Amino acid sequence: MVGPRHSWAVSAADARALQRRLRERVIRGDALGPVAVVAGADVAFAGEEAVAAIVTLSVPALSLCEVVAARRRVAFPYVPGLLTFREGPALEAAFRRLRRRPDLILFDGHGLAHPARFGLACHLGLRWDVPAVGCAKSLLTGEVALERLGRRRGGHRAIRAEGEVVGAALRTADGVRPIFVSAGHRVSLATALRLAFRCCRGYRVPEPLRLADAAVALLKRRGGSVLAPEDLTPLLRFPRQRRAAARARARLDTPGTA
DNA sequence: GCGACAG
DNA sequence: ATCTTGTCGC
């Protein structure tokens with residue numbers, strides 16, 4: 001594990017100071033090799049405990065490689081903009097358990113599309129020195145003309161904040177609400193969009209994150225922090241034909257603050 | 001001071 | 001994120 005390390009036990013004020021200091025070290029352009037293994041990281045909460053899971057898949061097949069998880073006592077409240085300080089400890093504990101470092105990690109949250117341009121994907125991507133992309137389900141900052149976003153899968157539209165493009169809304173499947181993609185570390189927005197879209201298999205949420213979400217949900221109800229790839233195989237099925245229903249919903253899309 | 005506000 | 005049943009639409 002390389003990169004900037006600091007304690008997670010900080011105050012909100014110190015957390016913001018750390019963001020301002022560390023954001024300068026984020027590599028914004030493409031500085032990554034071929035992506036043969038992509039990971040998805042997510043966290044669930046059960047009382048005072050955080051359950052994190054990281055799932056790795058092969059590219060381009062998207063077949064399951066590894067599944068690791070860890071539980072940690074929650075020590076930081078949810079504060080918009082400081083999500084990393086709440087989820088970071090558990091995510092990092094899980095990350096340490098990976099046998100093989102992924103070539104890219106998708107996070108459930110923003111990267112540069114963050115008020116300090118240092119969202120979860122920037123922070124952990126930098127800290128672990130792994131190319132990272134932020135894939136959030138709602139907007140935290142900035143504006144995007146969703147009414148001008150194509151309804152079909154692959155359509156995307158820039159997210160602008162304070163005069164600069166910080167990310168993009170991406171239609172990951174026909175007729176579903178878009179997700180918000182932004183560069184985390186070692187990737188350009190164009191590459192982040194391409195890679196995130198490449199991980200989609202018919203559902204709104206990219207496969208790595210969909211499986212990581214299923215993993216934490218399973219561990220939350222089953223307990224423990226150990227699970228095998230087989231536990232997730234039931235979810236590797238492609239979605240049914242639901243185009244019509246999905247298209248109808250797309251016209252009513254109102255993400256951002258859903 | 002008044003909203004907005006990843007998960 | 002989490003608390004929670006049914007329900008609208010394909």
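What you are looking at is a predicted structure, and each value in this text was computed from that prediction instead of being measured. Chain A is the first sequence line, chain B the second, and so forth, proteins listed ahead of strands; every chain is numbered from 1.
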Partners meeting ring-ring contact (aromatic ring centres under 6.0 Å, His included) with A:H114 (sequence neighbours left out) |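 Once residues adjacent in sequence are excluded, A:H114 has no partner under the ring-ring contact (aromatic ring centres under 6.0 Å, His included) criterion.
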For A:R117, enumerate each residue passing the salt bridge (Lys or Arg N to Asp or Glu O under 4.0 Å) test, keeping only those at least two apart in sequence or located in another chain.
-> A:E162, A:E164
Under the salt bridge (Lys or Arg N to Asp or Glu O under 4.0 Å) rule, collect the residues that match up with A:R186, sequence neighbours excluded.
->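 For A:R186, the residues satisfying salt bridge (Lys or Arg N to Asp or Glu O under 4.0 Å) (neighbours in sequence not counted) are A:D129.
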For the side chain of A:S182 and the backbone of A:G111, is there at least one donor-acceptor N/O pair under 3.5 Å apart?
-> yes
For A:P178, does its backbone N or O pair with a side-chain atom of A:R204 as donor and acceptor, under 3.5 Å?
-> yes
Given that both pair distances must be under 3.5 Å and the pair must be Watson-Crick or G-U, what runs of three or more consecutive pairs involve DNA chain C?
->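 Correct response: none, since no qualifying run exists.
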Treat a base pair as Watson-Crick or G-U wobble with both distances under 3.5 Å, then lay out DNA chain B in dot-bracket form, 5' to 3', with | for cross-strand pairs.
-> .......
Considering residues at least two apart in sequence or located in another chain, which fulfil the side chain to side chain donor-acceptor pair (under 3.5 Å) criterion with A:R157?
->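 A:R157: no side chain to side chain donor-acceptor pair (under 3.5 Å) contacts found.
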OP1, OP2 of B:dG7 versus side-chain N and O of A:K137: anything below 4.0 Å?
-> yes
Under-4.0 Å side-chain N/O to phosphate OP1/OP2 contact, A:T141 with B:dA6 = no
Determine which pairs satisfy side-chain hydrogen bond (donor to acceptor under 3.5 Å, both in side chains) with at least one residue from residues 59-70 of chain A, sequence neighbours left out, and list them in order.
-> A:S58-A:S63
Only pairs at least two apart or in different chains count here, so list each side-chain hydrogen bond (donor to acceptor under 3.5 Å, both in side chains) that has a residue in residues 76-86 of chain A.
-> none
Whole-Å gap separating [atom2] ([N]) and [atom1] ([X]):
X: A:D42; N: B:dA6; atom1: CG; atom2: P; value: 15 Å
X: A:D213; N: C:dT2; atom1: CG; atom2: C1'; value: 13 Å
X: A:H114; N: B:dG7; atom1: NE2; atom2: P; value: 12 Å
X: A:F180; N: B:dC5; atom1: CZ; atom2: P; value: 11 Å
X: A:L120; N: C:dA1; atom1: CG; atom2: P; value: 13 Å
X: A:E87; N: C:dA1; atom1: CD; atom2: P; value: 9 Å
X: A:L83; N: B:dA4; atom1: CG; atom2: P; value: 20 Å
X: A:L91; N: B:dG7; atom1: CG; atom2: P; value: 13 Å

Answer with yes or no whether the hydrophobic clustering places A:I27 together with A:V165; edges join I, L, V, M, F, W, Y residues whose side-chain heavy atoms lie under 4.5 Å apart.
-> no
Straight-line distance of A:D14 CG to A:R21 CZ, nearest 0.5 Å =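 Nearest 0.5 Å value for the CG-CZ distance: 10.0 Å.
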Once you round to the nearest 0.5 Å, how far does CG of A:L236 lie from CZ of A:R201?
-> 11.5 Å
Can you give each donor-acceptor pair under 3.5 Å made by side-chain atoms of residues 29-42 of chain A, sequence neighbours left out, with the distance rounded to 0.1 Å?
unit_1	atom_1	unit_2	atom_2	d
A:D30	OD1	A:S188	N	2.8
A:D30	OD1	A:S188	OG	3.1
A:D30	OD1	A:T191	OG1	2.8
A:D30	OD2	A:S188	OG	3.1
A:D30	OD2	A:T191	OG1	2.7

What residues in residues 66-80 of chain A put a non-hydrogen atom under 4.0 Å from any atom of DNA chain B?
->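 A:Y78, A:P80, in order of number.
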Report which part of the nucleic acid A:G134 touches: base, sugar-phosphate, or nothing (heavy-atom distance under 4.0 Å, all strands).
-> nothing
Describe the nucleic acid contact of A:A44 in one word from base, sugar-phosphate, nothing, applying a heavy-atom distance below 4.0 Å.
->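 Touches sugar-phosphate only.
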What pairs of residues pass the ring-ring contact (aromatic ring centres under 6.0 Å, His included) test when at least one of them lies in residues 8-62 of chain A, not counting sequence neighbours?
-> A:H6-A:W8, A:W8-A:F85, A:W8-A:H123
Listing time: all N or O pairs from protein to nucleotides 3-6 of chain C that are below 3.5 Å?
none

Salt bridge between A:E49 and A:R71, side-chain N to carboxylate O under 4.0 Å?
-> yes
